[in-house]
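Read through the structure below, which is laid out as structure tokens, and then see the notes.
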Amino acid sequence: MAYQVSIFLENKTGHFERVTRVLRENHINIRSMTLTHTVSGWGIFNLLVNQPQKACEALQDNGFSATLRQVLAFGMDDHPGGLDETLLQLARAGVNFLNAYGRVLEDNKRALLIVDVEDYELALEQVTAVDLYPLADELVYGVTSKNIS
């Protein structure tokens, strides 16, 4: 199962860079990210990194409010309609998600969709019931287009 690192972050100059500095110093590579504004100058910074446990611990050790969340990661074709095809499968499965983000792995070939859900176990049952299977962790964290079928 894949994990994202979620950080509660104040929206102030330099705070974003403080996170990336900690990750750089710990040799952690960011694979994908999303930053969402919440209220009163705060936001949630979600990161898909190659070493989520290490990243979370390093961030906590440096004073950040960081947690790990299980996420579903799906490979999809990178062409017009590729995302729609994957979202159609998720809708058929009845999966509702809290947050989603993606990344192109190889232009016009493969992409990655990360889906954050409220109930991971239920969502996993729902997607497998319609023959949609999340990618293995090693493919998510050390992803190359060669690894994804």
Side-chain angles (χ1 to χ4, degrees), residues 1-79 82-87 89-91 93 95-127 132-149:
M1 71 192 76
Y3 288 90
Q4 74 181 8
V5 180
S6 296
I7 307 145
F8 192 56
L9 190 65
E10 190 173 14
N11 187 5
K12 287 193 173 183
T13 302
H15 284 208
F16 192 59
E17 185 275 332
R18 284 180 47 224
V19 170
T20 59
R21 182 176 347 117
V22 168
L23 298 177
R24 181 187 71 223
E25 289 170 352
N26 284 276
H27 309 286
I28 296 166
N29 194 14
I30 298 171
R31 299 294 186 184
S32 192
M33 64 179 214
T34 179
L35 177 63
T36 306
H37 175 74
T38 57
V39 293
S40 303
W42 289 84
I44 305 293
F45 187 22
N46 292 313
L47 298 168
L48 185 68
V49 297
N50 64 332
Q51 299 175 72
Q53 183 68 43
K54 181 179 177 183
C56 190
E57 290 170 5
L59 289 164
Q60 289 171 345
D61 289 347
N62 281 273
F64 290 98
S65 177
T67 62
L68 289 177
R69 283 191 54 84
Q70 291 178 298
V71 292
L72 297 167
F74 301 101
M76 59 186 175
D77 293 330
D78 179 34
H79 63 72
L83 175 60
D84 184 57
E85 292 165 4
T86 303
L87 292 177
Q89 288 179 292
L90 288 168
V95 174
N96 185 38
F97 43 91
L98 305 172
N99 187 23
Y101 51 100
R103 150 176 191 228
V104 173
L105 300 173
E106 189 173 352
D107 196 26
N108 295 315
K109 291 192 179 180
R110 298 300 292 162
L112 179 66
L113 177 65
I114 304 300
V115 178
D116 183 2
V117 295
E118 191 165 336
D119 185 336
Y120 176 86
E121 294 300 327
L122 174 62
L124 186 58
E125 286 177 25
Q126 291 171 310
V127 298
L132 180 62
Y133 299 96
L135 296 174
D137 292 358
E138 56 273 4
L139 300 178
V140 175
Y141 302 139
V143 74
T144 67
S145 60
K146 294 175 189 170
N147 301 69
I148 306 233
S149 58

Side-chain heavy-atom pair [X], [Y] within 4.5 angstrom cut-off:
| X | Y | value |
| --- | --- | --- |
| N46 | I114 | no |
| T36 | Y101 | no |
| L72 | Y120 | yes |
| L132 | V95 | no |
| L59 | L23 | yes |
| L113 | L87 | yes |
| V19 | L47 | yes |
| R31 | V49 | no |

Is it true that a side-chain atom of [X] and a backbone atom of [Y] form a donor plus acceptor pair closer than 3.5 Å?
| X | Y | answer |
| --- | --- | --- |
| Q4 | R69 | no |
| N50 | N29 | yes |
| D137 | A2 | yes |

Practice task
Apply side-chain contact (heavy atoms from CB on, under 4.5 Å) to the pair I44 and F8, showing each step before the final yes or no.
Solution key: CA-CA 5 Å; I44 305 293; F8 192 56; 3.5 Å; yes
Measuring from [X]:[atom1] to [Y]:[atom2], what's the distance to the nearest 0.5 Å?
| X | Y | atom1 | atom2 | value |
| --- | --- | --- | --- | --- |
| R103 | L48 | CZ | CG | 8.0 Å |
| M76 | L83 | CE | CG | 5.0 Å |
| W42 | N11 | CH2 | CG | 10.0 Å |
| F74 | T86 | CZ | OG1 | 8.5 Å |
| Q126 | E121 | CD | CD | 11.5 Å |

Exercise for the section: Walk me through it: do E85 and Q89 pass the test side chain to side chain donor-acceptor pair (under 3.5 Å)? Expected result: CA-CA 6 Å; E85 292 165 4; Q89 288 179 292; over 6 Å; no
Exercise for the section: Output, in order, the C-alpha distance, side-chain angles, deciding distance and verdict of side-chain contact (heavy atoms from CB on, under 4.5 Å) for F64 and R18. Expected result: CA-CA 10 Å; F64 290 98; R18 284 180 47 224; 3.7 Å; yes
Practice task
Taking atom CD of E17 as the centre, report whether more than 12 heavy atoms of other residues, nucleotides or ligands fall under 6.0 Å from it.
Solution key: yes
Handout entry: H27, NE2: over 12 other non-hydrogen atoms inside 6.0 angstrom
Key = no
Practice task
Could you check V127 against V115 for side-chain contact (heavy atoms from CB on, under 4.5 Å), going step by step and ending with a plain yes or no?
Solution key: CA-CA 12 Å; V127 298; V115 178; over 6 Å; no
Which atom names give the shortest non-hydrogen contact between [X] and [Y], and what distance separates them?
| X | Y | result |
| --- | --- | --- |
| T20 | I30 | CG2-CD1, 4.1 Å |
| S32 | G102 | OG-O, 3.5 Å |
| P52 | V5 | O-CG2, 3.6 Å |

Exercise for the section: Could you go through the side-chain contact (heavy atoms from CB on, under 4.5 Å) check for N96 and V117 one step at a time? Expected result: CA-CA 7 Å; N96 185 38; V117 295; over 6 Å; no
Practice task
Return the orientation label for the F16 and F45 ring planes: parallel under 30°, perpendicular over 60°, tilted otherwise.
Solution key: tilted
